[in-house]
Peer 1: 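My questions all concern the structure below.
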Amino acid sequence: MSTLWVWQNLYIPKRFIVLGLCALAILINYAGYISTQVLGGAFADRFGGKLVLGVAAFGWTTFTLFTPSAAKLGLSYLLSCRILLGIAEGACIPSAYSLTASWAPQEERSRTAAIMSASINIGNIIALPVSTWLGSGPWRWQSIFWVFGVIGLVWSLFWQIYGGSDPSTYKGISKEELNLILKNNHSVSGRSGYISLPTSEEEVINRNSENVIDIIEDNEVTQDNNTEENVDAKSSNPSRIPWRLILSRREVWAILVANVFNNWGYFVFLNWLPTYYLDRFRVDIKHLGYFTVLPYIVQGISVLFVGTLADYMTCKIKVRVVIVRRIAQIISSWGFATFLLLATYVAKTPLQGIILISIGTGLNSFSIAGVKISQLDIAPRYSGVIFGLANSLGMIPAILGVSLTGWILDATGRNWNIIWNSIAISYFMDAIIFSILVGDKVVIE
């Protein structure tokens, strides 16, 4: 039996191809950040993730390649190019999470989300040294944009060939894989005509008590309030996002509020950690990169373990999803806050500081089994728009926090204790509010 024959007849699960390309898309584009997340998530939920992510990838790739030329033409051209790049990038991660809701089986969702999150860390880890190496070469800084742009074009080609929004229409998918994906998958059932039915008397009671907004193919609604917005929400391809329904659910607010508190702490930490090492420990600037990148390496590795553990707890030993979400978020937020405070008040050397902070970022990866995946539990068909909304709201305190930190440091004579204490408080509040409001039932179906 030849190697070629084995390779040609080897079946690769199609969800691995689609979700793997999603993770690769995040890795490629994360050197920039997201500006239009709500629209990206809404369009992905409405029109399917393949189209939206494909268009976004082509957009960010094109404007990345044009950046050096725009810089030569003038500042206004450069700013316009970077703004358009940010707009295109806005659809990437919300689209990937929308596709996760469609493609990832229930027992693989935490692991899939963990891979997406790890891709962000890997993108950060790769971008810095590669960009430094390219920028110092004969083609100077322009080569950074050309190389990443070409990589984006290659990914776009693969995505057009192998990407897909709906597993039920994906060419070559096996019956066994399709059944695995569709089982308990409310997102795909809404788009493909499959109707998810309660599997036990307890689930029937829970659905009734939780006031589930049910969306079925024949446009009949399962609850008494037949408002215009309910009609929009229940169709297989809703003409608009049911904002009133989304914003009326405490489970959605658990995600939104937790992201606000989480982003305040995370982005202050992300942007000011190198300065803290310089101020507190007088680290040689030549070694600063190693201290800065180590916490993200630890976080990228640990997030994969967390995703596997969460799936095992929910699907193998049958721990209630809401319990797993609460425990994971408490470990993430309180663990990170605790070790950040230990680094502030206990660490005496740079090595002690980096070890404590790295342990904290490792524990922080537990959020992938908490707030970062909760939208897939409660509203899988609208997971993209909820994720985009949460990240957009979270950017407000992120921007304010990063700016306010510089003012506080200047006003207090570089008192870092105030900064890290405020971050710790934000993380403690994040876990408390999320644990109170979080849910695990599909409430907008």
Side-chain angles (χ1 to χ4, degrees), residues 25-27 29-45 52-53 56 59-60 63 79-80 82-98 113 116-117 119-121 123-124 127 241 243 246-247 252-275 296 299 329 332-333 336-337 361 364-365 367-368 370-375 382-408 419 422-427 429-431 433-434 437:
I26 294 173
L27 185 154
N29 99 89
Y30 203 73
Y33 198 67
I34 299 168
S35 61
T36 52
Q37 300 171 77
V38 177
L39 279 178
F43 287 148
D45 291 338
V52 177
L53 185 54
W60 87 61
F63 292 116
L79 291 177
S80 299
R82 300 308 290 175
I83 289 170
L84 292 170
L85 171 65
I87 291 172
E89 281 187 331
C92 176
I93 298 181
S95 295
Y97 272 85
S98 180
M116 304 292 177
S117 181
S119 299
I120 295 173
N121 294 100
N124 284 329
I241 301 299
W243 289 110
I246 290 173
L247 296 177
V252 174
W253 281 102
I255 299 169
L256 301 183
V257 176
N259 263 278
V260 167
F261 282 105
N262 185 282
N263 279 20
W264 171 279
Y266 177 76
F267 280 93
V268 171
F269 172 80
L270 178 72
N271 285 275
W272 286 95
L273 182 63
T275 307
Y296 302 106
Q299 190 175 44
Q329 196 61 27
S332 168
S333 298
F336 180 72
T361 55
N364 189 235
S365 66
S367 65
I368 199 62
V371 67
K372 291 184 179 178
I373 198 176
S374 185
Q375 67 273 2
Y382 297 98
S383 57
V385 71
I386 294 174
F387 182 90
L389 177 62
N391 265 14
S392 295
L393 289 177
M395 286 306 297
I396 297 173
I399 294 170
L400 292 176
V402 171
S403 303
L404 191 60
T405 297
W407 179 83
I408 292 174
I419 305 302
S422 71
I423 292 177
I425 292 171
S426 72
Y427 273 103
M429 292 299 298
D430 153 18
I433 294 173
F434 181 79
L437 300 179

Peer 1: Atom OG of S332 and atom OH of Y427: how far apart are they, to the nearest 0.5 Å?
Peer 2: 7.0 Å
Peer 1: Any side-chain heavy-atom pair from N259 and N391 closer than 4.5 angstrom?
Peer 2: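 Result yes, sub-4.5 Å side-chain heavy-atom pair found.
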Peer 1: Where do P94 and G388 come nearest, in terms of heavy atoms and distance?
Peer 2: CG-CA, 4.1 Å
Peer 1: Taking atom CG of L84 and atom CZ of F63, what is their separation to the nearest 0.5 Å?
Peer 2: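 Answer for the CG-CZ pair, L84 versus F63, is 4.0 Å.
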Peer 1: Let me confirm one number: the CH2-CG distance from W264 to L400, rounded to the nearest 0.5 Å.
Peer 2: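 Reported to 0.5 Å precision, the distance equals 6.5 Å.
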Peer 1: Quick check against the 3.5 Å criterion: does N271 have a side-chain atom that pairs as donor or acceptor with the backbone of F267?
Peer 2: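 Yes; judged by distance alone, with no hydrogens or angles, the pair exists.
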Peer 1: How long is the span from the OG atom in S95 to the CG atom in D45, to the nearest 0.5 Å?
Peer 2: 8.5 Å
Peer 1: F336 vs F269 aromatic rings, parallel, tilted or perpendicular, using cut-offs 30° and 60°?
Peer 2: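 Perpendicular.
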Peer 1: Taking all non-hydrogen atoms of both residues into account, name the closest pair between V371 and Q329 and its distance.
Peer 2: N-OE1, 2.9 Å
Peer 1: Considering all heavy atoms of both residues, which atom of V402 and which atom of V268 are nearest to each other, and what is their separation?
Peer 2: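 The answer is N-CG2, 3.9 Å.
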Peer 1: Minimum heavy-atom separation for A113 to I373, with atom names?
Peer 2: CB-CD1, 4.1 Å
Peer 1: What distance separates I386 CD1 from L256 CG, expressed to the nearest 0.5 Å?
Peer 2: 8.0 Å
Peer 1: Would a 4.5 Å heavy-atom cut-off, applied to side chains only, mark L270 and Y296 as touching?
Peer 2: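 Answer yes - side chains close enough.
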Peer 1: Does any non-hydrogen side-chain atom of Y266 lie less than 4.5 Å from one of I423?
Peer 2: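 The answer is no; the side chains never approach within 4.5 Å.
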Peer 1: Are the side chains of L389 and W243 in touch, meaning some heavy atoms are under 4.5 Å apart?
Peer 2: yes
Peer 1: Can you check whether A398's main-chain N or O pairs, donor with acceptor, with N263's side chain at less than 3.5 Å?
Peer 2: no
Peer 1: Please report the closest heavy-atom contact between I408 and I419, naming both atoms and the distance.
Peer 2: CG2-CD1, 3.8 Å
Peer 1: Can you name the closest pair of heavy atoms from C92 and L53 and give their distance?
Peer 2: CA-CD1, 3.8 Å
Peer 1: Given side chain to side chain contact (heavy atoms under 4.5 Å, CB included), test W253 with L247 step by step and report yes or no.
Peer 2: CA-CA 7 Å; W253 281 102; L247 296 177; 4.3 Å; yes
Peer 1: Are S374 and F434 close enough that some pair of their side-chain heavy atoms sits under 4.5 Å apart?
Peer 2: yes
